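Everything below concerns the one structure shown next.
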Amino acid sequence: MKYLFAVAFLLFPLFVAPSVRRGGVLTPEGEALTSAESLYVAMQLEDKVTFEAFSEALDGYGKITERKSDILTLIDFSKPSTEKRFFVFDLKNVKLLFESVVAHGRNSGGNFATRFSNHDGSHQSSLGFYLTQETYIGRNGYSLVLEGLESGFNDHARRRAIVIHGAAYADPHTIKANGRLGRSFGCPALPVELNRPIIDTIKGGSVLFIYARDAEYQLKSPLLNQ
């Protein structure tokens with residue numbers, strides 16, 4: 001069944017006006033699904049990823065012409081740190097490659113990230129779309145530079161050293177002791193054992209999107225409001 005969904009979906013253009021283009025997968029009632037819905041169903045994401053976050057990620061992905069990869073990463077901060085909220089999708093092959101817990105900035109909130117900033121020293125996470133860049137070895141080990149694409153929301157990410165890296169406080173075992181994952185200085189920190197394989201999959205020009213139910217971002221996002 002998954003194979004049939006994927007074949008049906010690939011017969012249709014994906015990222016041309018995704019909010020209005022229809023076709024690719026049919027519901028049991030015979031209703032055509034939108035392209036975002038098609039992918040969501042084909043990758044069996046219903047119990048993993050919120051559709052609102054996934055749809056927004058696809059919308060922005062389709063507008064980023066500088067991307068060099070069919071890989072899309074979504075961090076869904078509408079979910080608590082105790083749940084998996086870091087997802088890596090292979091859109092070309094219609095696959096979910098990775099799912100993981102991920103830490104948010106210490107000043108963004110406790111179990112939920114609810115406050116966001118683009119400012120130096122805020123120790124908060126930053127919403128919006130990024131392109132992944134080069135890797136390096138730093139004080140947090142193997143790390144991936146993120147280039148923020150949205151002025152006012154995340155375009156200071158590089159100078160703030162907002163990067164993907166592994167951290168012991170991002171290990172799921174910390175949840176048992178603290179009731180939540182540990183927190184970073186604003187970086188999306190991953191469990192150490194997943195850090196390298198994820199970075200090696202998404203590095204070098206793929207799109208990453210950090211989502212939250214944030215009214216200001218929804219209203220003012222330079223990419224989503226194009």
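Note that the structure is predicted; figures quoted are calculated from it, not measured. This chain uses plain numbering: 1 for the first residue, then up along the sequence.
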Taking only residues two or more places apart in sequence, or in another chain, which ones meet [X] in a salt bridge (charged side-chain N to carboxylate O under 4.0 Å, His left out)?
| X | result |
| --- | --- |
| D90 | none |
| E147 | R158 |
| R139 | none |
| K84 | none |

Is [X] linked to [Y] within one hydrophobic cluster, defined over Ile, Leu, Val, Met, Phe, Trp and Tyr using a side-chain heavy-atom separation of less than 4.5 Å?
| X | Y | result |
| --- | --- | --- |
| L190 | I175 | no |
| L91 | F209 | yes |
| V145 | I75 | no |
| L97 | Y130 | yes |
| L45 | V88 | yes |

side-chain contact (heavy atoms from CB on, under 4.5 Å), that's the test. Do Q226 and L223 meet it? Break it down for me. CA-CA 5 Å; Q226 281 184 8; L223 263 170; 3.4 Å; yes
Applying the side-chain contact (heavy atoms from CB on, under 4.5 Å) criterion to N195, which one of I198, V192, I199 satisfies it? I199
Test item: side-chain donor near acceptor, R160 and S126, under 3.5 Å: yes
Between the side chains of H104 and R180, does any donor sit under 3.5 Å from an acceptor? no
Evaluate the side-chain contact (heavy atoms from CB on, under 4.5 Å) criterion for residues L146 and V163: first the C-alpha distance (whole Å), next the side-chain angles of each, then the deciding distance (0.1 Å), finally the verdict. CA-CA 6 Å; L146 299 175; V163 302; 5.5 Å; no
Short side-chain to backbone donor-acceptor contact, [X] and [Y], under 3.5 Å:
| X | Y | answer |
| --- | --- | --- |
| Q124 | G186 | no |
| S108 | S125 | yes |
| N225 | S221 | yes |
| K63 | L58 | no |
| S117 | S122 | no |
| T132 | I202 | yes |
| Y61 | F129 | no |
| T73 | L208 | no |

Give me the atom names and distance for the closest heavy-atom approach of [X] to [Y].
| X | Y | value |
| --- | --- | --- |
| A42 | V94 | CB-CG1, 3.6 Å |
| V101 | P172 | CG2-CG, 4.0 Å |
| Y211 | D76 | CD2-OD1, 3.2 Å |
| R196 | I137 | NH2-CD1, 4.4 Å |
| L96 | K48 | CD2-CD, 3.7 Å |
| F87 | K79 | CZ-NZ, 3.9 Å |

Once ring pair (Phe, Tyr, Trp, His ring centres under 6.0 Å) is applied, what residue pairs with a partner in residues 139-173 remain, sequence neighbours excluded? F153-Y217
Rounded to the nearest 0.5 Å, what separates atom [atom1] in [X] from atom [atom2] in [Y]?
| X | Y | atom1 | atom2 | value |
| --- | --- | --- | --- | --- |
| N140 | C187 | CG | SG | 7.0 Å |
| D155 | L149 | CG | CG | 9.5 Å |
| F51 | E37 | CZ | CD | 4.5 Å |
| Q133 | S206 | CD | OG | 9.5 Å |
| L127 | E56 | CG | CD | 9.5 Å |
| K220 | S151 | NZ | OG | 11.5 Å |

Heavy-atom side-chain contact between L224 and D59 under 4.5 Å: yes
Quick one: are R213 and T50 in side-chain contact, heavy atoms under 4.5 Å? yes
F86/E99 under side-chain contact (heavy atoms from CB on, under 4.5 Å): CA gap, chis, key distance, verdict: CA-CA 5 Å; F86 186 107; E99 53 184 313; over 6 Å; no
For the pair K203 and E134, find out whether any cationic side-chain nitrogen is under 4.0 Å from an anionic carboxylate oxygen. no
Take F116 and D214, measure what side-chain contact (heavy atoms from CB on, under 4.5 Å) needs, and give me the verdict at the end. CA-CA 9 Å; F116 306 96; D214 184 87; 3.9 Å; yes
Looking at F77, does the NZ or CZ of R85 lie under 6.0 angstrom from its six-membered ring centre and within 45 degrees of the ring axis? no
Tell me, please, which residues at least two apart from F89 pass ring-ring contact (aromatic ring centres under 6.0 Å, His included). F54
